[in-house]
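Notes to accompany the following structure.
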Amino acid sequence: MVLIQGSVPPNADRFQVDFTCGSSVKPRADVAFHFNPRFGRSPCIVCNTLQKERWGREEILYQMPFTVGAAFEIIFLVLKDAFKVAVNGAHVLEYKHRLELEQVDTLLIGGKVKVQAVGILPASSSSVSPAVSTSSLHTDSNLLLSATGDLSVPYRGELLKGLSVGQSITIKGATNQHAQSVCVNLRVSDSTDIALHLNPRLKKQVFVRNSFLSDCWGAEETKVDSFPFAAGQYFEMIILCDSQQFRVAVNGLHQVDYKHRVQDLSRITQLEVLGDLTLQDVKII
C-alpha cells in the first residue's frame with residue numbers, strides 16, 4: 001500500500017504519480033502505472049503504461065475526486081492483479097497490471113502538486129493472496145468516520161460488516177503534551193475479546209501488542225526497531241488486515257506484524273481508541 005497526502009495548487013492543470021521500473025531518463029524507464037489527474041475543460045484521470053518508450057492504450061475516467069486548491073489523500077492498494085486507487089476515503093478506479101510488479105522499484109510524483117507525506121507499507125509473502133477482497137475499496141457504506149464526526153476519546157467506531165482481508169484502518173491524531181499511553185483495540189462482537197491490542201507506552205518507549213481472549217491476556221509482543229511515538233506529536237497509524245496477520249505502519253514506516261489470533265475476521269466489529277491523545281480522523285477502506 002502506498003499513501004500520498006498533499007494538496008492541489010490553485011493554478012494546477014495536471015499532476016502525475018508514476019510507478020516506474022528504475023529511474024533512467026535516456027532511454028526512459030518503463031512506467032508500470034501512470035496515474036494522471038488533469039484539470040482542464042473536461043477534468044479526468046488518465047491511466048496508462050509506458051513500455052520501451054511507447055505508451056499503451058489510455059484508460060480514462062471522466063470523474064474528478066480532486067479539487068483545485070484543496071488537500072487530498074490517495075491510497076494505492078497493490079494487489080496481485082491490479083492497482084486499486086482510493087481518494088479521500090472513496091474508491092476511484094482499478095488498473096490491471098500490464099508489467100510485472102517485481103520490476104517496479106521507483107515512485108515518481110510530478111506536475112503541479114504539493115506533497116506533504118508519502119508512506120509505503122511493504123508487502124509480505126501473504127499480502128498478495130488471492131483471498132484479498134476484490135471489493136475492499138468499495139466501502140463507502142463501511143466508512144467508520146469522517147473528519148466531521150465525533151472524534152472524542154474514548155472513541156468507539158463500528159465496523160458494520162466486520163473486518164476483511166485487504167481492508168485498512170487509518171488513525172490520525174496527536175499525543176498529549178504529557179502523554180503516557182495510547183491504546184487501539186479491535187474488539188470481537190458479542191464478547192469481551194480483543195483481537196488486536198496496540199498499546200504504545202510513551203514513558204517506557206515500549207510498543208505492546210497482544211490479544212485478550214476468553215477473559216485472559218495472551219503472550220505480549222514488544223519487539224520494535226525504533227519507537228515511533230513522542231509526547232505532544234502528530235502521528236498517523238495504518239493497520240492493514242492481511243490474510244495471515246495485521247501489518248502496522250506509523251508515520252509512513254512499517255513497524256510491526258501481528259499474526260491473527262482470531263481467525264474469523266468478520267467477528268471483529270469495533271474499533272476502540274483510548275488514552276492520552278486527541279483524534280483528528282479515523283477511517284477504514
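The model shown is predicted, which means the values in this text are computed figures rather than measured ones. Computed over heavy atoms, backbone and side chain alike; hydrogens, waters and symmetry mates excluded.
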Give me the atom names and distance for the closest heavy-atom approach of [X] to [Y].
| X | Y | value |
| --- | --- | --- |
| Cys44 | Ile60 | CB-CG2, 3.9 Å |
| Lys259 | Gln245 | CA-CB, 3.8 Å |
| Thr192 | Phe212 | O-CD2, 3.4 Å |
| Arg209 | Lys223 | NH2-O, 2.8 Å |
| Leu50 | Ala29 | CD2-O, 3.7 Å |
| Val92 | Leu61 | CG1-CD2, 3.5 Å |

Main-chain N/O of [Y] paired to [X] side chain as donor or acceptor, under 3.5 Å:
| X | Y | result |
| --- | --- | --- |
| Asn210 | Gly218 | yes |
| Ser214 | Cys216 | no |
| Asp30 | Lys52 | yes |
| Thr49 | Arg98 | no |
| His97 | Leu79 | yes |
| Asn36 | Phe15 | yes |

[X] side, atom [atom1]; [Y] side, atom [atom2] - distance, nearest 0.5 Å:
| X | Y | atom1 | atom2 | answer |
| --- | --- | --- | --- | --- |
| Ser168 | Phe246 | OG | CZ | 12.0 Å |
| Leu93 | Glu59 | CG | CD | 8.5 Å |
| Thr269 | Leu163 | OG1 | CG | 10.0 Å |
| Leu101 | Phe83 | CG | CZ | 5.5 Å |
| Asp257 | Leu240 | CG | CG | 9.5 Å |
| His34 | Ile45 | NE2 | CD1 | 11.5 Å |

- Item | side chain to side chain contact (heavy atoms under 4.5 Å, CB included) evaluation trace for Leu198 with Phe207 | CA-CA 7 Å; Leu198 299 174; Phe207 194 172; 4.0 Å; yes

- Task: With sequence neighbours left out, write down each residue that passes side-chain hydrogen bond (donor to acceptor under 3.5 Å, both in side chains) with Arg201, or none if nothing qualifies.
- Result: Asn199

- Task: Could you check Phe35 against Ile74 for side chain to side chain contact (heavy atoms under 4.5 Å, CB included), going step by step and ending with a plain yes or no?
- Result: CA-CA 11 Å; Phe35 178 82; Ile74 313 172; 4.3 Å; yes

If you measure only the distance, is there a donor-acceptor pair under 3.5 Å linking the side chains of [X] and [Y]?
| X | Y | answer |
| --- | --- | --- |
| Ser211 | Tyr258 | yes |
| Gln16 | Asp18 | yes |
| Asn185 | Glu272 | yes |

Are the side chains of [X] and [Y] in touch, meaning some heavy atoms are under 4.5 Å apart?
| X | Y | answer |
| --- | --- | --- |
| Met64 | Pro37 | yes |
| Lys161 | Leu159 | no |
| Leu186 | Ile169 | yes |
| Met1 | Phe76 | no |
| Phe39 | Lys112 | no |
| Val8 | Thr67 | no |
| Tyr95 | Val85 | no |
| Glu221 | Val256 | no |

- Picking from Gln116, Glu236, Lys114, what satisfies side chain to side chain donor-acceptor pair (under 3.5 Å) with Gln5?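 So, applying the side chain to side chain donor-acceptor pair (under 3.5 Å) to Gln5 and each of Gln116, Glu236, Lys114, only Glu236 qualifies.
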
Shared hydrophobic cluster, [X] / [Y] (ILVMFWY, side-chain heavy atoms < 4.5 Å):
| X | Y | value |
| --- | --- | --- |
| Val153 | Leu271 | yes |
| Leu265 | Val184 | yes |
| Val118 | Val78 | yes |
| Leu151 | Val273 | yes |
| Leu196 | Tyr155 | yes |

Does the pair [X]/[Y] count as a salt bridge with the N-to-O cut at 4.0 Å?
| X | Y | result |
| --- | --- | --- |
| Lys80 | Glu100 | no |
| Glu94 | Lys96 | yes |
| Lys172 | Glu73 | yes |

- Item | Passing option when Arg187 is tested against Ile268, Ile194, Asp193 for side chain to side chain contact (heavy atoms under 4.5 Å, CB included) |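 Checked Ile268, Ile194, Asp193 against Arg187; only one passes side chain to side chain contact (heavy atoms under 4.5 Å, CB included): Ile194.
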
- Message: Please verify the inter-ring angle class for Phe235 with Phe229; under 30° counts as parallel, over 60° as perpendicular, anything in between as tilted.
- Response: perpendicular

- Heavy-atom count around Asn11 CG within 6.0 Å, excluding the residue itself: above 12?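 Buried by this count: over 12 neighbours within 6.0 Å.
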
- Query: Does atom CD of Glu53 have more than 12 heavy-atom neighbours from other groups under 6.0 Å away?
  - Reply: yes

- Item | Audit row: His197, Cys183, side chain to side chain contact (heavy atoms under 4.5 Å, CB included) steps and yes/no | CA-CA 7 Å; His197 171 73; Cys183 181; 3.3 Å; yes

- Going through the distances and angles, do Asn48 and Phe33 end up as a side chain to side chain contact (heavy atoms under 4.5 Å, CB included)? CA-CA 6 Å; Asn48 209 337; Phe33 181 29; over 6 Å; no

